[in-house]
Amino acid sequence: LPGDFCTVNVVLTPSRPGEITGTFTVTGAGAEPIVLTSTLSGAGGEPLLATNPAGFDLEDTVVGERSDPHAFDVTNIGFSIGTIVAIDIEGANPDDFVVTTSSCLGQTMIPGATCAVEIAFEPVEAGYRTGTVIVRSDTGQYTSVLVNGTASYDPNVVVAADTVRAGDVIGIGGAGFAPNAEVTISWADGTGNTATV
């Protein structure tokens with residue numbers, strides 16, 4: 001149905017070391033289906049970092065506000081030592097997610113060491129929003145966490161006074177609407193002209 005969505009998780013299980021690329025394709029049904037493609041990339045080799053969990057849903061949040069943060073752990077699952085040099089957010093909607101705290105950045109990870117990263121949802125637009133948090137080491141290895149959330153607007157209208165006499169001016173204000181949204185104001189009893197702004 002229009003506006004519906006689904007989630008597809010792709011896992012890389014390399015059969016050889018080195019860079020690996022591929023193409024993910026989704027084809028709609030029908031006589032002239034819509035085809036969406038996305039390039040996939042990764043690398044095979046001795047693993048260094050892993051995350052737990054590998055992905056999570058953040059709470060529904062109003063556009064312009066920030067959700068409670070959600071934490072995930074990064075663990076050195078390899079046999080070598082590496083230092084965390086970057087935590088980036090990429091994917092479809094990277095601007096909708098923020099790193100709130102991290103004990104990982106700059107930390108040297110010996111085998112078995114664990115650190116934590118907290119992510120919050122701070123949407124800039126309404127709808128289903130997704131991102132990928134990527135944690136990189138100085139050895140060139142990385143791990144990622146898929147994050148998503150649903151954002152909405154929370155519009156409200158306020159009036160300067162509860163009552164007004166016919167012919168007088170009344171102040172009306174609003175907030176929380178989508179950019180360029182049209183708002184129609186009318187009398188609750190159905191009399192009088194409407195105004196669209």
field: Val74 with Ile89, same ILVMFWY side-chain cluster at under 4.5 Å
entry: yes
Cluster check Phe56, Val117: I/L/V/M/F/W/Y, side chain < 4.5 angstrom: yes
- prompt: Could you state the interatomic distance from CZ (Arg66) to CG (Leu58), rounded to the nearest 0.5 Å?
  reply: 11.5 Å
side-chain contact (heavy atoms from CB on, under 4.5 Å) partner of Ile185, the single match among Ile170, Thr194, Ile172, Val159: Ile172
Shared hydrophobic cluster for Ile87 and Met109 (ILVMFWY, side-chain gaps under 4.5 Å): yes
query: What pair of heavy atoms forms the shortest contact from Ser103 to Cys115, and how long is it?
result: OG-CB, 3.5 Å
message: Is it true that, when you exclude Asn156 itself, more than 12 heavy atoms of the residues, nucleotides or ligands shown sit nearer than 6.0 Å to its CG?
response: yes
message: When you compare the side chain of Tyr153 with that of Pro179, does any pair of heavy atoms fall below 4.5 Å?
response: yes
Could you give the side-chain donor-acceptor pairs of residues 26-36 under 3.5 Å, partners two or more places apart or in another chain?
none

Closest non-hydrogen atom pair, Ile81 against Pro111: CG1-CD, 4.0 Å
statement: Here the gap from Ile84 atom CD1 to Thr139 atom OG1, rounded to the nearest 0.5 Å, amounts to 8.5 Å
query: Between Ser80 and Leu48, is a side-chain contact (heavy atoms from CB on, under 4.5 Å) present by the stated rule, with each step listed?
result: CA-CA 7 Å; Ser80 59; Leu48 179 70; 3.7 Å; yes
- prompt: Any side-chain heavy atom of Phe24 sitting closer than 4.5 Å to one from Thr37?
  reply: no
task: Dump the intermediate steps for side-chain hydrogen bond (donor to acceptor under 3.5 Å, both in side chains) on Thr21 and Ser41, then the final yes or no.
output: CA-CA 4 Å; Thr21 60; Ser41 63; over 6 Å; no
message: Is there a side-chain hydrogen bond (donor to acceptor under 3.5 Å, both in side chains) between Asn52 and Asp73? Walk through the geometry before answering.
response: CA-CA 5 Å; Asn52 183 32; Asp73 292 329; 5.2 Å; no
query: Quick one: do Arg136 and Glu90 make a salt bridge, cutoff under 4.0 Å?
result: yes
message: If we check side-chain contact (heavy atoms from CB on, under 4.5 Å) with Arg129, which of these qualifies: Val63, Asp96, Asp95?
response: Asp96
message: For the residue pair Thr75 / Thr114, report whether a side-chain donor-acceptor contact shorter than 3.5 Å exists.
response: yes
Side chain Thr51, main chain Ser144, donor-acceptor under 3.5 Å: yes
message: Is there a continuous path of hydrophobic side-chain contacts, each under 4.5 Å between heavy atoms, that joins Val147 to Val99?
response: yes
field: Shortest non-hydrogen separation from Glu125 to Ala151 and the atoms involved
entry: O-CB, 3.3 Å
- prompt: Would you say the side chain of Glu65 lies within less than 4.5 Å of the side chain of Asp154, judging by non-hydrogen atoms?
  reply: no
- request: Give the minimum heavy-atom separation between Pro123 and Thr61, together with the two atoms involved.
  value: CD-CG2, 3.8 Å
- prompt: How far does CG of Leu146 sit from OG1 of Thr132, to the nearest 0.5 angstrom?
  reply: 5.0 Å
query: Out of curiosity, Phe72 CZ to Cys104 SG, how far, rounded to the nearest 0.5 Å?
result: 7.0 Å
message: Please determine whether side-chain contact (heavy atoms from CB on, under 4.5 Å) holds for the pair Ile119 and His70, giving the CA-CA distance in whole Å, both sets of side-chain angles, and the decisive distance to 0.1 Å.
response: CA-CA 5 Å; Ile119 301 294; His70 190 100; 5.7 Å; no
query: Can you tell me how far CD of Gln107 sits from CG of Asn76, rounded to the nearest 0.5 angstrom?
result: 10.0 Å
task: Indicate yes or no: at least one non-hydrogen side-chain atom of Pro53 is less than 4.5 angstrom from one of Val145.
output: no
message: Has Asn93 got a side-chain atom pairing as donor or acceptor with Thr130's backbone, closer than 3.5 angstrom?
response: yes
field: Check: Thr196/Thr184 side-chain N/O donor and acceptor closer than 3.5 Å
entry: yes
Leu49-Tyr142 co-clustered via ILVMFWY side chain contacts under 4.5 Å: no
message: Centroid separation under 6.0 Å, is that true for the rings of Phe121 and Phe97?
response: yes
statement: dist Leu40:CG -> Thr23:OG1 (nearest 0.5 Å) comes out at 7.0 Å
query: Is there a donor-acceptor contact under 3.5 Å linking the side chains of Glu59 and Ser67?
result: no
